[in-house]
Amino acid sequence: MSSKPGRVNPTVKAAIHQLVIIIFVVIWLIPIYAMVINGLKSNVAVYTTPVLIPPSSPTIEPFQAVWSSLSRPLLNSLILVLPVAFIATFLGSMAAYFFYMLSNSFSRVSSFVSNFLFSLISLATFIPYQATLIPLTKLIADMGLLNTYWGLAFAFFIFYMPTGALLMSIFITAIPPRIIEAARLDRGSDWRIFYKLVFPLSLPGFISTLIFNIIETWNNFFIPLMLTTTPNMRLIPVTVQSFTGGYATLYNETFAAAFIASMVPLGIFIFLGRYFIRGLIALGTGGKGV
Amino acid sequence: MRIQGLLMAIPTIFFSFLLLYLVIWNLYFSFTNWSLLNPHPSFVGFQTYASLLYMEYFSISLSHSILLSVGTVVFGNLLGLLFASLLYFLGNEKMRSIYLSLLIYPLSISMAANSLIWLWLFNIHIGINWLLRLLHLPVPLWLSSPSTEFPSLMVVVIWAYAGLSLIFYLAAFMGVDKSLIEAARIDRANPLRILFRVLLPNSMNGFIVSSALLFLFSFRIFSPPYLLSGGPTNIFLQTSVVYMYYLFTTEYFAQASAVATIITAIATAVVIPYALYGIKRWMKHE
């Protein structure tokens with residue numbers, strides 16, 4: 001069976017298609033591959049062998065070397081990030097429900113209020129948060145919350161609760177307004193409608209928003225840098241940064257440190273990635289519906 | 001009933017207004033002369049802003065920030081679109097989700113960790129150049145030459161954020177009515193034709209979300225320019241955010257506030273139209 005001239009055999013086409021994707025995937029994986037293999041190299045091997053060549057005699061020495069300085073920051077991040085992200089996302093979802101009701105009522109005042117609040121939560125989500133560095137540090141210091149979990153949590157809420165509200169506002173639009181209208185006509189209170197109807201219906205969106213917030217909070221470098229000074233209160237990304245000071249002071253431990261700092265968000269991504277992606281795809285279809 | 005709804009939104013509204021307070025605080029102190037030398041600030045009008053114009057670092061860092069963001073929007077969108085198209089036309093759904101994860105994982109790693117790894121990869125002797133040399137490809141000097149330093153930073157940022165664009169395009173493509181695609185297939189349209197005639201015209205949301213987020217995420221990026229440069233004063237890699245941090249650490253508080261205000265103003269100019277004419281309007285179509 002010969003194919004017509006000018007037409008590529010479908011099998012060949014599919015193979016080329018796969019090949020192109022695989023080339024990009026391999027390029028994209030280079031940094032994580034380098035992180036894993038170099039974390040297992042001895043100090044000498046890191047300096048003398050190419051970064052892309054695996055170690056001839058793998059060792060976990062670098063991990064042992066960094067563990068003592070990273071275990072406490074890792075614990076701090078775990079204690080702080082998960083509850084903060086959950087509370088921020090949940091309270092943000094409640095606000096998203098309110099914004100949804102507001103933008104579906106057609107009075108001029110509520111439309112102005114809703115536009116204003118929507119702009120504000122968007123700004124809080126996307127502002128270069130470093131720009132608030134001086135007043136934020138001062139605010140937390142005035143509250144006497146420097147070097148405390150509470151101070152960090154408070155600062156994270158300023159940015160990640162609006163983020164939760166914004167993302168959930170988008171996810172909630174996937175719920176047809178008639179369903180909520182019907183529940184309101186049934187004299188359901190707002191809290192009940194939210195808790196029994198809106199929240200369960202937008203659960204994939206909630207999980208997606210939660211994961212987004214966990215990862216963003218976990219990886220946030222600047223806020224803990226400003227608000228913590230004692231070694232005991234350090235969070236993980238700040239500690240990782242201390243493993244470098246430019247070219248001269250790069251050690252093989254940087255790979256092990258980077259690996260330890262990345263394993264929690266990466267693990268979440270690997271195990272809940274399907275939810276994450278499903279949630280994000282709902283973002284596209286939720287917004288379309290024209 | 002209304003009151004209860006409002007009460008539910010109170011925590012978010014409280015923290016959002018707190019942010020507004022921080023922004024206004026910056027704006028206020030940007031009109032003073034507060035610094036290490038002037039611990040009791042007095043009001044000086046636009047003098048602090050005027051003094052910034054004489055600082056070489058100010059305009060250079062701002063142009064770096066804008067160049068980085070625009071570059072990320074352009075290349076991030078192109079790559080995101082390419083990846084999304086490649087994945088969309090894969091027949092196998094399982095394979096698609098695996099490839100998708102492998103292309104977007106950089107989003108989950110801290111930029112500080114990313115930068116450390118890239119510092120090694122950019123090593124001109126044992127980094128990726130080792131591989132490029134084996135393949136007889138040109139070997140750039142990456143961070144070791146002023147002319148390639150900034151492009152190296154762009155490589156890291158685009159590697160990290162192209163996945164963002166991929167997600168939103170793929171989501172938009174997935175949202176396109178399947179019957180339109182089927183109709184085009186029956187007409188024997190090839191994938192490229194389907195892409196340009198059916199998928200893209202129906203993916204405006206993907207484009208808006210992807211562009212806005214790429215701009216904003218790269219505009220506020222801190223660890224890569226800070227770490228790849230080896231310090232906040234590297235003239236080739238300094239961005240506005242790094243410059244502001246530098247002013248803060250050297251206790252030029254009023255000037256740091258002024259730069260912070262300018263950064264906020266630029267971000268706001270993108271955020272608000274995006275929020276009101278992008279997200280919000282498209283939400284209302286429901």
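Excluded from the calculations below are hydrogen atoms, water molecules and symmetry mates; all remaining heavy atoms, backbone and side chain alike, are included. Numbers restart at 1 for each chain; the letters A, B, ... are given by sequence-line order, proteins then strands.
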Atom CZ of B:R133: over 12 foreign heavy atoms under 6.0 Å: yes
A:A124 versus chain B, the contacting section by heavy-atom distance below 4.5 Å: both
Under 4.5 Å from a heavy atom of chain A, the part of B:Y226 involved: side chain
Atom pair OH/CD1 of B:Y245 and A:I134 - distance to nearest 0.5 Å: 12.0 Å
For chain B, the option from A:A14, A:A96, A:S122 that forms the most heavy-atom pairs under 4.5 Å: A:S122
Winner by heavy-atom pair count (cut-off under 4.5 Å) against chain B, out of A:F194, A:W191, A:F221: A:W191
Flag if over 12 foreign heavy atoms under 6.0 Å of CZ, B:F248: yes
Backbone of B:M111 reached by a side-chain donor or acceptor of A:N219 within 3.5 Å: no
Largest heavy-atom contact set with chain B, pairs under 4.5 Å, which of A:S119, A:P31, A:P128: A:P31
Part of B:I266 lying under 4.5 Å from any heavy atom of chain A: neither
Top contributor to chain B interface from A:S114, A:A165, A:A131 [non-hydrogen pairs under 4.5 Å]: A:A131
Nearest atoms (heavy-atom pairs only) where A:S262 meets B:A113: OG-CB, 3.8 Å
Heavy-atom pair count under 4.5 Å with chain B, highest-scoring of A:A257, A:P50, A:A34: A:P50
Between CE on residue A:M161 and CZ on residue B:F14, distance to nearest 0.5 Å: 9.5 Å
Chain B contact via A:F24 - side chain, backbone, both or neither, heavy atoms under 4.5 Å: both
Heavy-atom contact with chain A under 4.5 Å, split by part of B:M204: neither
Part of B:W130 lying under 4.5 Å from any heavy atom of chain A: side chain
Closest approach of B:P11 to A:L91 (non-hydrogen atoms, all atoms of both residues): CB-CD1, 3.9 Å
Interface residue of largest heavy-atom contact number with chain A, from B:I263, B:L213, B:T268, B:I117, under 4.5 Å: B:I117
A:L117 side chain near B:F17 side chain, heavy-atom distance below 4.5 Å: yes
Side chain B:W120, main chain A:V51, donor-acceptor under 3.5 Å: no
Check: B:Q4 side chain, A:D190 main-chain N or O, donor-acceptor pair, under 3.5 Å: yes
Side chain / backbone / both / neither for A:I158 at chain B, heavy atoms under 4.5 Å: both
Option in B:L18, B:I272, B:L102, B:L103 with maximal non-hydrogen atom pairs under 4.5 Å from chain A: B:L103
Residues 214-222 of chain B, side-chain donor-acceptor partners within the protein, below 3.5 Å, at least two apart:
unit_1, atom_1, unit_2, atom_2, d
B:S218, OG, B:L214, O, 2.6
B:S218, OG, B:F215, O, 3.2
B:R220, NH1, A:T125, O, 3.2
B:R220, NH1, A:I127, O, 2.9

Heavy-atom side-chain proximity of B:S101 to A:F269 below 4.5 angstrom: yes
A:F159, part contacting chain B, at a heavy-atom distance under 4.5 Å: side chain
Chain B contact via A:F157 - which portion, at a heavy-atom distance below 4.5 Å: both
Side chains of B:L86 and A:H17 in contact at under 4.5 Å (non-hydrogen atoms): yes
Straight-line distance of B:I109 CD1 to A:M263 CE, nearest 0.5 Å: 13.0 Å
Backbone of A:P135 reached by a side-chain donor or acceptor of B:N26 within 3.5 Å: no
Engaged part of A:F116 at the chain B interface, taking heavy atoms whose separation is under 4.5 Å: side chain
Between CZ on residue A:F255 and CG on residue B:L116, distance to nearest 0.5 Å: 8.5 Å
More than 12 heavy atoms from other groups under 6.0 Å of CZ on A:F90: yes
Residue pair A:T49 / B:I126, side-chain heavy-atom distance below 4.5 Å: no
Contacting region of A:L133 [heavy-atom separation from chain B under 4.5 Å]: side chain
B:I158 versus chain A, the contacting section by heavy-atom distance below 4.5 Å: backbone
Gap between atom CG of B:L90 and atom CD of A:Q18 - 0.5 Å precision: 5.5 Å
Options A:G92, A:S93, A:P265, ranked by heavy-atom pairs under 4.5 Å with chain B, top entry: A:P265
Contact class of A:L225 relative to chain B, heavy atoms under 4.5 angstrom: side chain
A:W28 ring center near B:Y99 ring center (under 6.0 Å): no
Heavy-atom side-chain proximity of B:F15 to A:F154 below 4.5 angstrom: yes
Residues in side-chain hydrogen bond (donor to acceptor under 3.5 Å, both in side chains) contact with A:N38, at least two apart in sequence or another chain: A:K41
Part of A:F222 lying under 4.5 Å from any heavy atom of chain B: side chain
Contact origin within B:Y105 toward chain A - heavy atom pairs under 4.5 Å: both
Chain B contact via A:I32 - side chain, backbone, both or neither, heavy atoms under 4.5 Å: both
Chain A contact via B:L7 - which portion, at a heavy-atom distance below 4.5 Å: neither
Under 4.5 Å from any heavy atom of chain A - which part of B:I262: neither
Contacting moiety of B:A212, where chain A heavy atoms sit under 4.5 Å: neither
Interchain contact, A:I268 with chain B, by part (heavy-atom threshold 4.5 Å): neither
B:L19 side, atom CG; A:I121 side, atom CD1 - distance, nearest 0.5 Å: 12.0 Å
Whether over 12 other heavy atoms sit under 6.0 Å from B:K178 NZ: yes
Residues A:V240, B:S110; criterion side-chain contact (heavy atoms from CB on, under 4.5 Å); working and verdict: CA-CA 10 Å; A:V240 168; B:S110 109; 5.8 Å; no
